[in-house]
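Since this is a predicted model, take the numbers as computed values, not measurements. Here is the naming used below: chain letters follow the sequence lines, and residue numbers restart at 1 for every chain. In what follows, every heavy atom counts, from backbone to side chain, and hydrogens, waters and symmetry copies are set aside.
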Number of protein chains: 2
Amino acid sequence: MLRISKMTDYATVLLARLAAAPDRQLTATQLAAQSHLGAPTVSKVLKQLHRRGLVSSTLGLRGGYRLARPAAEITAAQILDALEGPVALIECARQTHQCSIESTCGVGRAWQRVNLAIRRSLQEITLLELAGLGGEPVRFAALERALRGGRAERT
Amino acid sequence: MLRISKMTDYATVLLARLAAAPDRQLTATQLAAQSHLGAPTVSKVLKQLHRRGLVSSTLGLRGGYRLARPAAEITAAQILDALEGPVALIECARQTHQCSIESTCGVGRAWQRVNLAIRRSLQEITLLELAGLGGEPVRFAALERALRGGRAERT
DNA sequence: GCAATATAGTACTAAAATAGTCCTATATAG
DNA sequence: CTATATAGGACTATTTTAGTACTATATTGC
Ligand code: FES
Ligand code: FES
């Protein structure tokens with residue numbers, strides 16, 4: 001249940017590598033070799049990450065990629081959004097809800113709460129933690145809170 | 001990000017309908033009409049729900065479906081599992097992890113914790129709440145108040 | 001027994017999403 | 001000017017998901 005795409009998985013791996021070498025500039029080829037992933041695929045992911053502002057790039061010879069900001073300021077939610085867009089748990093949970101059976105079901109509202117809770121938990125996980133660099137354990141306080149409270153979100 | 005399949009969505013709708021009529025037996029055709037969904041699809045979903053023990057069925061004339069147990073004892077996690085199986089957030093999070101780059105990445109562990117947290121949250125949502133039948137807003141608000149004093153939020 | 005109704009199981013087809021590749025353009029260092 | 005590297009987009013292949021169809025079996029009521 002609840003898979004993330006391979007591309008997103010790759011993205012976290014690549015970002016973790018960049019996080020481990022914050023002052024260096026790594027090329028797509030280098031990252032592909034380090035990660036044992038295909039070079040074209042890695043390139044594609046990095047391009048997407050650049051589009052979404054998670055990495056900065058330098059063109060030309062001696063170019064490459066680095067994190068656009070410190071690993072502690074990049075969250076799992078941002079990575080997910082960057083690769084998969086703001087798709088929600090179910091169609092009904094999207095802002096423009098045009099579910100055909102909405103009037104008769106009433107389930108959508110509850111799923112939205114679940115969706116919200118998950119988003120909140122993902123916003124508390126930083127790349128630092130994903131990369132295993134932070135030392136602090138992953139926390140899920142917000143998840144617990146959101147599940148019970150169900151407050152509004154702004155993202 | 002993090003979609004559930006349409007089938008799972010349908011399942012919650014159908015289960016919610018069954019939950020709303022706990023003492024009646026509804027046929028697939030009736031449920032399809034109520035939910036404005038295709039009859040073959042509804043039938044398929046119900047068969048799967050029966051296989052996974054979430055609904056009980058009666059064969060033959062005057063047959064139909066009903067919940068296998070009270071709505072309060074059916075959780076969102078169970079519904080998800082019934083329709084989509086125990087697939088995890090990423091391949092690496094599965095019990096039989098055979099990720100090819102596992103040795104070099106170290107990201108898997110953190111995702112596993114995210115995965116676990118999401119599962120736990122889904123286990124706390126019951127069908128009663130999904131169906132909008134429980135008194136859940138009060139209960140959640142009270143719990144939140146009791147638990148308040150948590151930690152700060154991050155974007 | 002027999003016909004009608006309804007679920008059970010399974011196999012198949014169609015459609016959509018995802019993954020991966022390739023090509024062209026552009027920027028930079030030397 | 002050339003080699004290297006990213007940027008963007010188009011394309012194909014694969015996989016997953018959704019939906020349909022068909023056969024078998026159980027139950028009711030005549
Ligand atoms: S399935 Fe869309 S609102 Fe319920
Ligand atoms: S991507 Fe599989 S263990 Fe990291």
Seminar exercise, completed: Readout for nucleotides 19-30 of chain D: B = base within 4.0 Å of protein heavy atom, S = sugar-phosphate only, - = neither; 5' to 3' it is BB-----BBBS-

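Residues that satisfy the side-chain contact (heavy atoms from CB on, under 4.5 Å) test with B/K44, not counting sequence neighbours, are B/M7. By the side chain to side chain donor-acceptor pair (under 3.5 Å) test, A/T58 pairs with A/Q25, sequence neighbours left out.
Atom pair A/L37:CG and C/dT21:C1' shows a separation of 15 Å (rounding to whole Å applied). Distance CG (B/L49) to P (C/dA8): 11 Å, rounded to an integer number of Å. In this structure, B/I4 atom CD1 and C/dA17 atom P are separated by 15 Å, rounded to whole Å. Atom-to-atom, CG of A/L46 to P of D/dG8 comes out at 13 Å; the value is rounded to the nearest Å. Residue B/Q48 contributes atom CD, which lies 12 Å from atom P of D/dA18 at whole-angstrom precision. Taking atom CG of residue A/D9 and atom C1' of nucleotide C/dT18, one finds them 14 Å apart after rounding to whole Å.
Under 4.0 angstrom from either OP1 or OP2 of C/dT7 there lies no side-chain N or O belonging to B/H50. Regarding contacts with the backbone of D/dA18, a side-chain N or O of B/S5 is found under 4.0 angstrom from either OP1 or OP2.
Of all non-hydrogen atoms in A/R69 and A/Q78, the two that sit nearest each other are NH2-OE1, 2.9 Å. Contact between A/R17 and A/L31 at its shortest, heavy atoms only, is CB-CD2, 3.8 Å.
Summary of the strand contacts: B/S57 and A/T8 both lie near DNA chain C, and taking for each the nucleotide with the nearest heavy atom, the more 5' one is attributed to B/S57.
Taking 4.5 Å as the limit, every side-chain heavy atom of A/L128 sits out of range of all side-chain heavy atoms of A/I74. In this structure the side chain of B/Q48 reaches within 4.5 angstrom of the side chain of B/L83, judged on heavy atoms.
Relative to the side chain of A/R51, the nucleotides D/dG8, D/dA5, C/dA6 differ in distance, and D/dG8 lies closest.
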